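The block underneath contains the structure these notes are about, expressed in structure tokens.
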Amino acid sequence: MNYRHAFHAGNHADVLKHFVLSRVLMLLGRKETPYAYLDTHSGIGLYDLLGDQASRTGEWQDGIGRLWEAKDLPDPLVAYKEAVAALNSDGALRFYPGSPEIARRFSRPQDRLHLNELHPEDALLLKENMGQERRIAVHHRDGWLLPKALLPVQEKRAVLLIDPPFEKVDEFERCSMALKESIARMRQIVTAIWYPIKDQRQLKRFYQDLQKSNAPKLLRAELWIHPADNPVGLNGSGMVISNPPWGLQDELRSVLPWLAKQLGQSQPSWKLDWLIEEKST
């Protein structure tokens, strides 16, 4: 309950997470049929990078700040940067979209959004920032209960973003459990899990647990800004995506090397592979 994402808004991990989310939603938008978007740990939706919390860490300067100044963006990154620019009409970078605002901007009128936040103050801010459209529902509950509470949705397609603060030792395990539950309730759902890259032994157990899930296929994308043995707190981050939309793998393969070069701080690298490959029929 103490975690506030505003301290970390717009950092390198947010860039990876929100770029991937934007592409998932845009690729799903190629078909006219609606989808539901579920966000387990939404935060407040919009962040002031010059506000008190973000200013204390300044993490955004080595994340979206570097991207903001870049001129040679790969094509799949352009729409994400334009979404950030739309919040900063004077051309100076100050405001940054959280995952709820990314989802609002990249979804369509026929798509529904379920945004959830447990922190009481942040839940109120989320409601103020995001609760003005009828297609957006804001929930104030334990995010881990969202798959059980809302799945299956009435739409035939759904996206679930799982993005906990990773303050507790069991949150990797709970991510795996949430993946298994979401797939069991709606097998075709696109479930995206963001995770920090810190403890390699913990990550190895996480990968093994994910591989034991019932996901039809599971894509892993990681962005490293430091090598694995660097003693800093956050060496990088990753996302695993079940049932990724067609085209996402190729887009990530074209963008991840560029992001590693642009956002890297010491020996940057990237990884893109399948934790679970689709079984041939």
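Every value quoted in this text rests on a predicted model; they were computed, and no experiment measured them.
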Hey, are the side chains of [X] and [Y] touching, using non-hydrogen atoms and a 4.5 Å cut-off?
| X | Y | answer |
| --- | --- | --- |
| Leu93 | Val84 | yes |
| Leu77 | Phe19 | yes |
| Leu115 | Tyr37 | yes |
| Asn11 | Trp60 | no |

- Using 4.0 Å as the upper bound for N to carboxylate O, is an ion pair formed by Lys148 and Glu181? no
- Asp209 and Arg205 ion-paired at < 4.0 Å: no
Tell me whether [X] contacts the main-chain N or O of [Y] through its side chain, where contact means a donor paired with an acceptor under 3.5 Å.
| X | Y | value |
| --- | --- | --- |
| Glu69 | Gly65 | no |
| Asn243 | Ile189 | yes |
| Thr40 | Leu161 | yes |
| Arg187 | Asn214 | yes |
| Ser242 | Thr191 | yes |
| Lys81 | Ala70 | yes |

- What residues, two or more places apart in sequence or in another chain, satisfy side chain to side chain contact (heavy atoms under 4.5 Å, CB included) together with His18? Asp14, Tyr80, Tyr96, Ser99, Ile102
- Query: Quick one: side chain to side chain contact (heavy atoms under 4.5 Å, CB included) partners of Arg108, sequence neighbours excluded?
  - Reply: Tyr35, Gln110, Asp111, Arg157
- Query: Side chains of Glu222 and Tyr195: donor-acceptor distance under 3.5 Å anywhere?
  - Reply: yes
- Query: Can you name the residues that form a salt bridge (Lys or Arg N to Asp or Glu O under 4.0 Å) with Glu133, not counting sequence neighbours?
  - Reply: Arg104, Arg135
- Item | Leu218-Leu28 co-clustered via ILVMFWY side chain contacts under 4.5 Å | yes
- ILVMFWY network linking Val15 to Leu73, side-chain heavy atoms under 4.5 angstrom: yes
- To the nearest 0.5 Å, how far apart are CD in Glu251 and CG in Leu256? 11.0 Å
- Using a cut-off of 6.0 Å, state whether more than 12 heavy atoms not belonging to Arg30 lie near its atom CZ. yes
